[in-house]
Chemist: 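This is the structure I have questions about; it appears just below.
Hydrogens, waters and symmetry mates are skipped; everything else that's a heavy atom, side chains included, is used.
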Amino acid sequence: MSAPNLTHAAPQDQRFLVLFDFDETIINESSDDAVVRALPSKQLPDWLKNSYREGHYNEHMQKVLAYMAEQGVSKGSIHSAVEKIPPTPGLLNLLQYLQSHQQDYELVVVSDANMFFIETWLEQAGVRNLFRKIFTNPASFDAKGQLVLLPFHSHSCSGCPDNMCKQVILREYLAKRQKERGGAPFQRVFYIGDGANDICPSLALGPQDTAFPRRDFPMHKLLLEMQQSQAAKFKANMVPWVSGEDIVDCLKKIMEER
């Protein structure tokens with residue numbers, strides 16, 4: 001028997017999992033707001049704005065996209081509106097850092113935006129290949145040129161919007177990856193977000209893990225309230241961030257501990 005060819009050995013499993021929200025985390029605004037500017041009037045009519053019901057955002061966006069198609073907004077206009085969205089400060093530096101330590105970090109997006117917006121933006125920024133998986137609402141253009149949005153899944157979590165519970169996604173992904181990795185869990189999980197719907201997955205994190213809420217955004221304020229209340233279900237470390245550089249600094253410290 002000849003010695004196995006070591007150059008083709010499978011890459012060692014990454015030790016850490018990093019989950020990113022998209023709107024106001026990877027990008028510096030809501031992608032849904034950005035595409036509305038592709039309308040001739042650059043804004044939604046009041047009747048459409050006022051039709052939104054709490055917890056039914058996906059449904060509301062389906063109506064918005066249908067309206068945009070009626071107003072003659074093309075696929076190309078939506079595409080370029082998404083490409084123009086600026087990244088959050090320091091975010092590309094964070095992705096560069098993670099890319100240079102690809103052997104340690106597995107990256108995933110978990111977002112209530114949609115697949116067309118996210119893939120368009122990540123491709124344009126040249127970072128799509130860094131992410132192993134994108135969990136988001138399906139979206140594709142139909143024969144009439146309308147971007148059709150669907151819910152991601154259904155779930156039984158009472159605290160999350162009908163179409164997406166990020167904690168369910170996180171738990172299922174961790175279980176699936178542990179199985180695929182021959183029973184080895186990730187040593188640590190990092191969750192980077194900004195919104196109220198990023199709280200639920202943060203509650204699935206353990207004492208070794210870190211939640212990175214964007215400073216002074218809803219996720220940060222809600223986690224602070226949770227920490228102050230005695231019945232805290234939140235077990236992870238919390239590191240608020242203003243720029244992606246803050247997250248790089250924290251990850252470097254963690255790498256040095258090892």
Side-chain angles (χ1 to χ4, degrees), residues 19-39 41-46 48-69 71 73 75 77-92 94-95 108-125 127-128 131 134-139 146-152 160-166 169 191-202 212-222 240-244:
L19 302 115
F20 285 84
D21 172 49
F22 182 65
D23 290 317
E24 298 190 282
T25 297
I26 290 179
I27 56 171
N28 206 20
E29 66 175 315
S30 157
S31 50
D32 293 338
D33 294 345
V35 295
V36 163
R37 293 200 293 272
L39 278 164
S41 61
K42 305 231 181 310
Q43 56 182 5
L44 295 176
D46 288 344
L48 186 48
K49 274 188 220 161
N50 300 336
S51 72
Y52 167 63
R53 294 182 304 139
E54 190 70 45
H56 297 270
Y57 188 75
N58 184 268
E59 217 175 277
H60 173 68
M61 253 337 267
Q62 291 174 32
K63 290 185 202 154
V64 169
L65 293 169
Y67 174 78
M68 289 179 71
Q71 297 297 306
V73 178
K75 177 178 179 176
S77 303
I78 292 178
H79 196 274
S80 68
V82 172
E83 286 193 330
K84 288 190 189 106
I85 303 170
T88 298
L91 195 281
L92 293 177
L94 168 60
L95 290 177
V108 170
V109 173
V110 187
S111 164
D112 200 5
N114 68 70
M115 196 58 91
F116 180 75
F117 290 0
I118 295 175
E119 292 213 299
T120 296
W121 196 91
L122 294 177
E123 292 281 357
Q124 171 276 137
V127 294
R128 171 64 188 91
F131 294 91
I134 296 171
F135 292 100
T136 190
N137 302 297
Q146 178 187 328
L147 184 56
V148 178
L149 180 63
L150 298 169
F152 178 74
C160 285
D162 280 2
N163 62 300
M164 180 172 286
C165 169
K166 294 185 175 185
I169 294 170
Y191 189 98
I192 304 168
D194 72 285
N197 68 350
D198 295 314
I199 292 290
C200 198
S202 302
F212 290 97
R214 192 171 180 186
R215 186 180 289 282
D216 298 331
F217 278 67
M219 179 188 181
H220 182 212
K221 292 173 180 167
L222 290 163
W241 60 280
V242 173
S243 153

Chemist: Please name the pair of heavy atoms, one in Pro86 and one in Glu29, separated by the smallest distance, quoted to 0.1 Å.
Modeler: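 Between these two residues, the closest heavy atoms are CD-OE2, 4.2 Å.
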Chemist: State, with a plain yes or no, whether a side-chain heavy atom of Leu122 is found less than 4.5 Å away from one of Ile134.
Modeler: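 When only atoms from C-beta onward are counted, Ile134 and Leu122 do touch, with a gap below 4.5 Å.
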Chemist: Mind checking whether Asp198 and Pro213 have side chains closer than 4.5 Å, heavy atoms only?
Modeler: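 No; the side chains remain at least 4.5 Å from each other.
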Chemist: Is the number of heavy atoms from other residues, nucleotides or ligands under 6.0 Å of Lys49 NZ greater than 12?
Modeler: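 Yes - once you tally the heavy atoms of other residues, nucleotides and ligands closer than 6.0 Å, there are more than 12.
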Chemist: So do the side chains of Thr136 and Phe117 get within less than 4.5 Å of each other, counting heavy atoms only?
Modeler: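 They are not in side-chain contact.
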Chemist: Considering only heavy atoms from C-beta outward, does the side chain of Val110 approach that of Pro201 to under 4.5 Å?
Modeler: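 With C-beta onward as the side chain, the pair stays apart.
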Chemist: Taking the side chain as everything from C-beta on, heavy atoms only, tell me whether Phe135 gets closer than 4.5 Å to Met164.
Modeler: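 In short, these two side chains do not touch, never coming nearer than 4.5 Å.
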Chemist: I'd like to check Pro161 versus Asp112 (side-chain heavy atoms, cut-off strictly below 4.5 Å). Are they in contact?
Modeler: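 Result yes, sub-4.5 Å side-chain heavy-atom pair found.
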Chemist: May I ask you to check whether Asp162 and Asn58 show a side-chain donor-acceptor distance below 3.5 Å?
Modeler: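 Result is no, nothing qualifies.
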Chemist: Side-chain contact test, heavy atoms from C-beta onward, threshold under 4.5 Å: evaluate it for Tyr67 versus Lys63 and give yes or no.
Modeler: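 No - every pair of side-chain heavy atoms lies 4.5 Å or more apart.
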Chemist: Rounded to the nearest 0.5 Å, how far apart are CG of Asn163 and NE2 of His56?
Modeler: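 Going from the CG atom of Asn163 to the NE2 atom of His56 covers 10.0 Å.
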Chemist: Are Val109 and Ile26 side-chain neighbours, meaning at least one heavy-atom pair lies under 4.5 Å?
Modeler: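 Val109 reaches Ile26 side chain to side chain.
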Chemist: Determine the minimum heavy-atom distance between Gly193 and Met219, stating which atoms define it.
Modeler: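 Heavy atoms of Gly193 and Met219 come nearest at C-SD, 3.5 Å.
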Chemist: Under the 3.5 angstrom rule, does the side chain of Trp121 hit a backbone N or O of Ile85 as a donor-acceptor pair?
Modeler: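 Pair found, side chain donor or acceptor close to backbone of Ile85.
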Chemist: What do you reckon, are the aromatic ring centroids of Phe20 and Phe131 less than 6.0 Å apart?
Modeler: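 Yes, ring centres under 6.0 Å apart.
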Chemist: Should Asp21 and Arg214 count as an ion pair when the cut-off is N to O under 4.0 Å?
Modeler: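 Salt bridge between Asp21 and Arg214, a charged N being under 4.0 Å from a carboxylate O: no.
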Chemist: Just by modelled atom types, is the Pro87 backbone N or O under 3.5 Å from a matching donor or acceptor in the Asn28 side chain?
Modeler: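 Pair absent, no side-chain N/O of Asn28 close to backbone of Pro87.
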